[in-house]
Amino acid sequence: MSIYDKLNEPQREAVYHTDGPLLILAGAGSGKTRVLTHRIAYLIEERNVNPWNILAITFTNKAAGEMRERVDSLVGFGSESIWVSTFHSMCVRILRRFIDRLGYDNRFTIYDTDDQKTLMKEVCKKVAIDTKVFKERSLMSAISSAKNELILPDEFELNAGGDFAKLKIAKVYREYEAQLKANNALDFDDLLVKTVQLLQTQPDVLENYQERFRYIMVDEYQDTNTVQFQLVRLLAGKYRNLCVVGDDDQSIYKFRGANIRNILDFEHEFSDACVIKLEQNYRSTGNILNAANRVIANNKGRKEKTLWTANGEGELVHLRQFDTGYDEADFIAEDIKKEVRAGASYNDHAVLYRTNAQSRLLEEKFVAMNVPYKIVGGVNFYARREIKDLLAYLKTIDNGMDDIAVRRIINVPKRGIGLTTINRIQESAAERGLGFYETLMAPELIPGIGRSAAKLDSFAALIEYFKGLTGQMSITDLLREVIEKTGYMESLDSEDKEDAQARKENIDELINKAAAYEEAAEDRDEPATLSAFLEEVALVADIDSLDEEQDYVVLMTLHSAKGLEFPHVYLAGMEDGLFPSYMTITSDDRDDLEEERRLCYVGITRAEQELTLTCARRRMVRGETQYNKISRFIKEIPAELLDTGSRRIEPETEVPVQQNTYAHAREAFRARAFGAAYSNGAGKSSGVSSGKSSQGLASLQKGSQLAAGSGGSPDYAEGDRVRHVKFGEGTVLEIRSGGRDYEVTVDFDSAGVRKMFAKFAKLVKIS
DNA sequence: GCCGCCAGTATTTTT
DNA sequence: TACTGGCGGC
């Protein structure tokens, strides 16, 4: 029996279809990763394709890592030479080798949103644009959309016609590009655009990569934008062995330029394309899947498909409405604790929401209740001030042409170099056509610099000193040296104490990350270079740090949740105005609401066993109270799929507030029973200790649990073999009846002896 | 050159 | 509510 026998019919077909264009329409939870990994294995083992000739593009670094791992376990060898990466990191790799052909230095730096904004301000000043009329943000997004459509400044200007505003933007765009180049920097979009330009203009480079990537696979294809599409088309142009996997119902990145037509029109673009639909869902229960199907059915213009499952119906979808966001958060935290007491793990649970701001209330509750958690997203670790400062030092050391970085640190910590001086350097640099750093190296040539010259000299000497260390010192040590010699830590002390403490911890974390990078580079037998470290740092998404092994509840936006799955999912803030957001409700573009609905579909289909939808009648948004109705998406779910708690819910009328009468008594008890057992996701990504309940607490909970529990007797007996979602297989040692639930003791093969309540454990008997 | 206060704005999502 | 940027006083 081969590994391919376990696949279902369409899955196998997709695996065996190795040559020519192939579109796999993979519904949520239909095993697409499985198909991709098996397909790679099949190429290598059965078709004797050299792993070196395979390229797999994923959406996140995390997905890339997992894919490699899974291929590894299937094939056993060669998986390390498969090129698995995200679009962005792939482009960086190509550009590091060849971007000099486009007139850049190969040690270019990558600008994040923050840097872009700084640069944009600069540009506006130079082009005399009033940033009150044209906001930096909107300029940036206009330029970004243009880049995503592969529209360069010339064409942009041409398209503007006589439109005054557009002509202005074109001017800004042109200047912005010029400055990026002068700084030897690329923004996120450039990584893709420049790669396409490179391949379009350098036939030998194109040939090189076409020969190398004979088999190409693209995951999450519904979220590719036009540049990405062109890139793939160029790369696959010769051998045409292109396999794309996606689900138009899960396209949720329109705001980032994702072009849903890429997937809808694939068959037009590649007329000989084979199309395979994967419609069997292995992830969710019938009820959850039905709810998802009913919601998404309200969208027009989708590729028809009907997801079905052989899994049982499972529980109904829970719906709970509360008075306020606080009550909602309270319920979620409490509910998770309840399930954990019944044998589930914290990491069986995820709380998903529409906007990052919603995480705050949840976080507060989780801290108060000692529920270990991890927040994904929000303010990026690498966007924190102290981290950006130190990275700016490293960037300056690595690439002296990055003006933004130099300017950021020239007076951090304070060295008495003020705005006047900076402007003088700037002007002089512009006049002579030199870089900022270059100019300040010779202060005596800067008009009017006066007494600041000495300060500039010592700053330059400091940077030069660091530069001299790069070859002989590890990145970690260099970083330590920078912190030491600049007196950065001491400078933090002059701020608020609490802030300073958190910042110092973040800096320690940065040092750890540098060390981790160096270790990883050594494992890969690559030299650990400063450029490579900075680039890795620029391209990580917060989601990449998610660790399934760690026992914490995951809190994140619906967007971040794409591609993940959890036994129990909470969708919080299911209110009109929040989700769907106010913006989309009032938008006159119907597509906006459809995208929002797809987001809802993504959320629902993350759940394997249980799904809980929650909403609040009123909620504080930006300091003022908002009164919201239940989300229209909930109304699209048939009532018979919903469990609304103790009473029937009527969407427009009052619903009883869910209150846990035990909450108060427990709160006090818990304060003593648990130690500090939560992680704050803000930067300190590790070090979660799980809160194991004490004896006393366990018995207290039993009381409440049994009183509240329901359900029939288990369909297994003592001595039977059973399977648990998380702990795997085991033997039932004891079943004790009590009230309306059963307490089951199971000896798991790998997880040891555990006690749990039958209602929550959902053990499945195996023969 | 530095610091602190005030006003205005924002939040929808992110590589 | 919370953050940012601009402005004025020292």
Side-chain angles (χ1 to χ4, degrees), chain A residues 57-64 85-92 110-114 116-118 121 131-132 135-138 140-141 144 147-148 186-192 220 223-225 227-228 251-258 325 352-361 376-380 382-383 385 410-411 414-423 450-452 455 494-495 535-544 556-562 573 577-587 592-593 595-596 598-600 602-603 619-626:
Chain A
I57 298 174
T58 57
F59 203 68
T60 61
N61 295 301
K62 181 167 178 278
S85 77
T86 64
F87 270 108
H88 288 89
S89 23
M90 171 180 79
C91 290
V92 172
I110 301 166
Y111 277 2
D112 64 18
T113 326
D114 240 47
Q116 283 181 59
K117 199 170 171 199
T118 314
K121 266 189 204 148
T131 51
K132 289 207 175 80
K135 299 253 155 47
E136 290 101 339
R137 259 182 63 112
S138 59
M140 279 159 63
S141 79
S144 176
K147 287 187 179 179
N148 284 326
L186 302 186
D187 64 21
F188 283 129
D189 303 316
D190 280 341
L191 297 176
L192 303 161
E220 306 285 6
D223 282 320
T224 53
N225 57 31
V227 213
Q228 291 168 336
S251 164
I252 55 173
Y253 280 99
K254 187 174 155 205
F255 70 93
R256 207 167 77 186
L352 311 181
Y353 36 77
R354 179 66 236 269
T355 66
N356 276 310
Q358 290 169 257
S359 65
R360 181 168 255 121
L361 282 184
V376 175
V379 184
N380 191 323
Y382 293 103
R385 197 187 76 203
I410 191 168
N411 200 30
K414 301 239 169 347
R415 322 190 153 82
I417 303 175
L419 211 64
T420 329
T421 308
I422 292 175
N423 285 337
R451 288 170 47 221
S452 299
K455 293 173 187 163
S494 53
E495 315 177 19
E535 135 195 338
E536 191 170 287
V537 156
L539 295 179
V540 291
D542 205 22
I543 193 80
D544 296 332
M556 63 189 149
T557 62
L558 289 153
H559 281 90
S560 303
K562 191 171 74 159
L578 229 195
F579 186 39
S581 74
Y582 185 70
M583 297 281 274
T584 52
I585 293 177
T586 51
S587 160
D592 289 346
L593 188 65
E595 170 130 332
E596 204 84 344
R598 289 193 290 271
L599 197 51
C600 182
V602 168
R619 171 185 305 274
M620 286 279 261
V621 179
R622 279 192 263 151
E624 58 187 37
T625 307
Q626 235 178 45

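Lettering of chains follows the sequences in order, A, B, ..., and the numbering in each one begins at 1. No hydrogens, no waters, no symmetry mates; every other heavy atom, side chains included, goes into these values.
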- Item | Check: M140(A) main-chain N/O paired with S144(A) side-chain donor or acceptor under 3.5 Å | no
- Taking atom types as modelled and ignoring hydrogens, do the side chains of Q116(A) and T113(A) form a donor-acceptor contact shorter than 3.5 angstrom? no
- Determine the contact category for D112(A): base if any of its heavy atoms lies under 4.0 Å from a base atom, sugar-phosphate if only primed atoms, P, OP1 or OP2 are that close, otherwise nothing. nothing
- Across the strands shown, which category fits A357(A) at heavy-atom distances under 4.0 angstrom: base, sugar-phosphate, nothing? nothing
- For L361(A) and dA2(C), give me the distance from atom CG to atom P, rounded to whole Å. 11 Å
- N225(A) backbone acceptor or donor facing Q228(A) side chain under 3.5 Å: yes
- Which is true for T420(A) with a 4.0 Å heavy-atom rule: it touches a base, it touches only sugar-phosphate, or it touches nothing? sugar-phosphate
Tabulated below should be each protein N or O lying under 3.5 Å from an N or O of nucleotides 3-10 of chain C; please produce it.
residue, atom, partner, partner atom, Å
dG5(C), OP1, K121(A), NZ, 2.8

- Message: Under 4.0 Å, heavy atoms only, any strand: does D189(A) hit a base, just the sugar-phosphate, or nothing?
- Response: nothing
- Task: Indicate yes or no for a side-chain donor-acceptor contact from E596(A) to the backbone of T584(A) under 3.5 Å, with no hydrogens or angles considered.
- Result: no
- Query: Can any side-chain N or O of H88(A) pair as donor or acceptor with the backbone N or O of L191(A) at less than 3.5 Å?
  - Reply: no
- By nearest-nucleotide position on DNA chain B, the 5'-leaning member of R137(A) and S560(A) is R137(A)
- Message: Just to be sure I understand the rule, does T421(A) reach a base, reach only the sugar-phosphate, or reach nothing, if contact means heavy atoms closer than 4.0 Å?
- Response: sugar-phosphate
- Message: Need one value for L192(A): base, sugar-phosphate or nothing, where a base atom within 4.0 Å counts as base even if backbone is also close, heavy atoms only.
- Response: nothing
- Item | Test side chain to side chain contact (heavy atoms under 4.5 Å, CB included) applied to L352(A) and L599(A), V602(A), L558(A), the passing residue | L558(A)
- Item | Distance between P atoms of dT4(C) and dT13(B) (Å, rounded) | 15 Å
- Query: Applying the side chain to side chain contact (heavy atoms under 4.5 Å, CB included) test to D544(A), which of L539(A), V376(A), T60(A) qualifies?
  - Reply: T60(A)
- Note on the structure: Judged by nearest nucleotide, the residue sitting upstream toward the 5' end of DNA chain B, K414(A) or V621(A), is K414(A)
- Message: Below 4.0 Å from chain A heavy atoms, what is the first contacting nucleotide of DNA chain B and what is the last?
- Response: dG1(B) to dT15(B)
- Give a yes or no on whether the backbone of S251(A) and the side-chain of R598(A) come within a donor-acceptor separation of less than 3.5 Å. yes
- Message: Any side-chain to backbone donor/acceptor pair from K455(A) onto G416(A)? Under 3.5 Å, distance only.
- Response: yes
- Query: Expressed in angstrom and rounded to an integer, what is the separation of R622(A) atom CZ from dA2(C) atom C1'?
  - Reply: 12 Å
